[in-house]
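For reference, the structure discussed in these notes is given below.
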Amino acid sequence: MKKEQISGNAYDSKLLSRLAKYIKPYKTVFWVSVFLTVLLAAVAPALPLLVEYTLDNYILQGKNEGLTTMLIVMFALLIAQTIIRYFHTLMTNTLGQSVIRDIRIQVFNHITNLRLKYFDKTPIGRLITRTISDLETIANIFSEGLIQIIGDLLQLFVILGVMFYTDWRLTLVVLIPMPLMIAATYVFKEAMKSAFQSVRLWVSNLNTFLQEHITGMSVIQYFAREDQEINKFKAINKEHRDAHIRANWYFSIFFPVLEIIVAIAIGLLVWYGSKQILADVISPGVVVAFIMYINMIFRPIRELIDKFNTLQMGMVSAERIFDVLDTDEFTPNQGDYTPKTVKGEITFKNVWFAYNDEKWVLKDVSFHVKAGETLALVGATGAGKSSVINILSRFYEIQRGEILLDGVDIRKYELSFLRNTIATVLQDIFLFSDSIHQNINLNNPAITREMIVDAAKRVGAYNFIMQLPNNFDYQVQERGATLSAGQAQLISFIRALVHDPAILILDEATSSIDTETEQTIQHAIDNLMDGRTSIVIAHRLSTIQKADKIIVLDKGEIKEMGSHQELLEQNGQYRELYNLQFHSSGI
């Protein structure tokens with residue numbers, strides 16, 4: 001499993017400032033949260049002060065009158081604090097979930113606009129981790145991290161202020177173990193930074209592995225590789241478990257150390273406070289209040305460490321999220337040409353194209369297709385046939401030459417407009433887990449049910465769809481698993497037809513279909529191609545004999561070009577392919 005690069009910088013003020021921009025639509029919720037945070041810190045010392053006052057002025061004085069009133073006051077204070085905490089938790093969580101909802105939409109929108117080259121080198125499972133797991137961690141910055149840290153710090157300062165005001169000598173004695181706590185906290189913070197980064201790494205790797213292997217489950221079972229793949233999974237899962245154990249191990253050491261430090265502080269308080277009480281310098285109520293103060297000091301410090309680690313983990317996730325958002329893998333879209341009609345005339349002029357560096361996939365390719373004509377591309381696997389259609393739709397950018405549509409460079413067209421003029425039917429049909437209706441119109445409100453029904457009849461798919469439960473509302477399972485290859489292919493033809501493209505591309509559209517089904521689909525293809533410029537990629541030469549022009553590609557170069565009959569007369573590569581297919585078939 002390829003390891004992902006992680007920055008060692010777990011805290012970054014620039015990242016926080018970027019995250020803060022997402023708070024702007026929720027300023028009211030944010031400021032209410034801040035106000036409640038300050039209010040909680042302000043009322044924090046109230047209960048110890050009430051206990052101190054009650055002990056010194058009522059219990060030690062033997063006064064029964066007023067005790068009930070003090071009890072009611074304390075109870076009311078606890079109720080008030082509980083209500084404030086309830087709304088504080090509600091507001092901070094609402095803020096966090098609202099922010100990540102907006103970021104998740106932005107991330108998904110960004111991903112859907114990235115060019116295909118980005119997905120060639122980026123594991124899908126990693127992107128799923130970014131969009132789900134990492135964003136949930138960012139939510140904790142707002143619900144459990146930043147605002148809570150501010151609240152804990154405020155409470156710490158308020159309590160220390162009250163303690164110093166009450167008895168500064170006693171406060172200094174209580175704070176003697178503080179340097180030990182600061183040192184332990186620093187060591188713990190640095191250890192947890194590395195541990196959290198490791199946890200996020202192996203969560204991402206685990207998601208990537210699962211996504212790939214569940215998608216490719218048929219291959220695993222066809223070749224009986226279950227045992228081998230489970231061993232790989234065990235290894236990755238072990239690393240994932242070990243990363244979490246390392247993080248928990250640091251917690252298991254740190255928190256007992258904190259408890260020891262708290263115990264030392266209380267011991268020092270009892271020792272020094274008792275001497276001061278005997279010397280009649282302070283009252284017993286002060287010592288009792290200071291015991292409560294100690295817990296109120298060290299609890300925020302203990303939670304500060306936990307919250308700071310939440311903040312660290314959120315910063316690591318934020319760095320990864322913004323790394324995706326900062327990815328500039330877009331197809332340039334400076335064009336603004338959107339003519340009312342597109343005829344479909346295609347011209348390639350000295351086109352050179354490579355997916356990586358100068359490992360040319362297409363070399364000096366030139367051809368011309370008139371509007372309404374059919375062009376067929378043939379050649380061995382890797383000859384560059386699919387690359388021709390990929391660069392025509394600008395899924396990839398050419399390095400040299402020009403591609404013209406109706407005499408205009410395709411880079412001058414507005415990108416969405418260009419792609420809307422081209423419909424592609426691929427060999428591997430992808431259907432979403434949705435109804436047949438939605439798989440055809442792809443949530444385009446301009447495409448009505450009547451248009452879909454009409455298109456289904458034209459391609460010969462209407463009868464089989466009407467035999468399905470719920471007809472056009474039949475729920476297709478993931479990737480069209482409940483439909484045959486021929487049925488899925490027919491749905492893709494309906495999809496192409498209802499979008500009414502000027503240019504139709506068929507990429508091995510019949511290669512995975514049996515001969516009997518191919519006859520049905522060939523009728524659908526004829527309907528699709530009628531009146532449209534068409535580019536057909538096919539290994540079966542029987543499907544392209546009627547093409548106006550056939551190009552034979554070999555290692556990215558055009559070797560032959562002409563009609564079926566013209567190429568046969570040349571006795572070149574096309575003739576060899578024709579003889580190989582038809583003579584081997586007994587024709």
Side-chain angles (χ1 to χ4, degrees), residues 10-41 81-113 124-155 192 196-197 199-204 206-207 210-211 244 247 300 303-327 433 443:
Y11 176 84
D12 192 331
S13 59
K14 291 183 179 179
L15 289 178
L16 271 179
S17 65
R18 287 188 70 174
L19 285 173
K21 294 178 182 177
Y22 292 94
I23 298 176
K24 288 183 179 179
Y26 312 102
K27 288 188 291 186
T28 301
V29 177
F30 174 75
W31 288 114
V32 169
S33 300
V34 171
F35 171 75
L36 293 175
T37 299
V38 174
L39 187 60
L40 281 172
Q81 286 180 318
T82 301
I83 293 174
I84 295 171
R85 288 190 183 279
Y86 164 76
F87 283 105
H88 180 265
T89 303
L90 180 62
M91 290 293 102
T92 53
N93 278 278
T94 298
L95 178 64
Q97 292 301 318
S98 299
V99 166
I100 67 166
R101 177 195 61 189
D102 294 347
I103 299 177
R104 184 175 284 123
I105 291 172
Q106 183 182 0
V107 171
F108 182 76
N109 183 60
H110 186 85
I111 290 173
T112 56
N113 285 285
I124 301 303
R126 184 171 297 172
L127 294 176
I128 293 172
T129 302
R130 296 293 169 273
T131 313
I132 300 175
S133 301
D134 283 332
L135 276 171
E136 289 296 335
T137 307
I138 289 178
N140 293 335
I141 292 179
F142 300 97
S143 61
E144 300 177 15
L146 191 60
I147 295 177
Q148 297 283 14
I149 288 174
I150 295 172
D152 288 339
L153 285 172
L154 281 175
Q155 180 174 327
M192 286 307 299
F196 280 149
Q197 290 174 339
V199 167
R200 300 312 305 164
L201 167 65
W202 287 105
V203 166
S204 175
L206 192 62
N207 283 342
L210 286 172
Q211 189 274 332
H244 275 282
E303 291 190 358
L304 267 174
I305 305 308
D306 192 27
K307 299 301 185 296
F308 187 74
N309 284 317
T310 297
L311 184 61
Q312 282 187 326
M313 203 164 183
M315 287 296 99
V316 173
S317 294
E319 185 177 4
R320 296 167 187 241
I321 291 294
F322 288 129
D323 182 58
V324 173
L325 290 175
D326 292 339
T327 301
S433 300
N443 296 305

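Keep in mind the model is a prediction, meaning the values are calculated, not measured. Along the sequence shown, the residues carry numbers beginning at 1. Because only heavy atoms are used, hydrogens play no part in the values below, and waters and symmetry mates are left out as well, while side chains stay in.
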task = With rounding to the nearest 0.5 Å, note down the distance linking CG in L39 to CD1 in I84.
result = 4.0 Å
request  = Any chance you could measure N109, atom CG, to R104, atom CZ, to the nearest 0.5 Å?
outcome  = 14.5 Å
Pairwise side-chain contact, V29 with T92, heavy-atom cut-off 4.5 Å (strictly under) = no
message = Can you confirm whether Q155 sits close enough to L40 that some side-chain heavy atom of one is under 4.5 Å from a side-chain heavy atom of the other?
response = no
N93 side chain to T89 backbone, donor-acceptor under 3.5 Å = yes
Heavy-atom donor-acceptor pair, H88 side chain to V32 backbone, under 3.5 Å = no
query = With a 4.5 Å heavy-atom cut-off, do D102 and Y26 have their side chains touching?
reply = yes
Test item: I100 and Y22 side chains (from C-beta on) under 4.5 Å apart, heavy atoms = no
ask   = Out of curiosity, I23 CD1 to F30 CZ, how far, rounded to the nearest 0.5 Å?
value = 5.0 Å
task = Would you give the length of the straight line joining atom CG of D134 to atom CD1 of I103, rounded to the nearest 0.5 angstrom?
result = 11.0 Å
ask   = With sequence neighbours left out, what residues match R85 under salt bridge (Lys or Arg N to Asp or Glu O under 4.0 Å)?
value = none
key: CE on M91 to OG1 on T28, rounded to 0.5 Å   = 10.5 Å
ask   = In Å and rounded to the nearest 0.5 Å, what is the CZ to CG distance from R18 to L325?
value = 6.5 Å
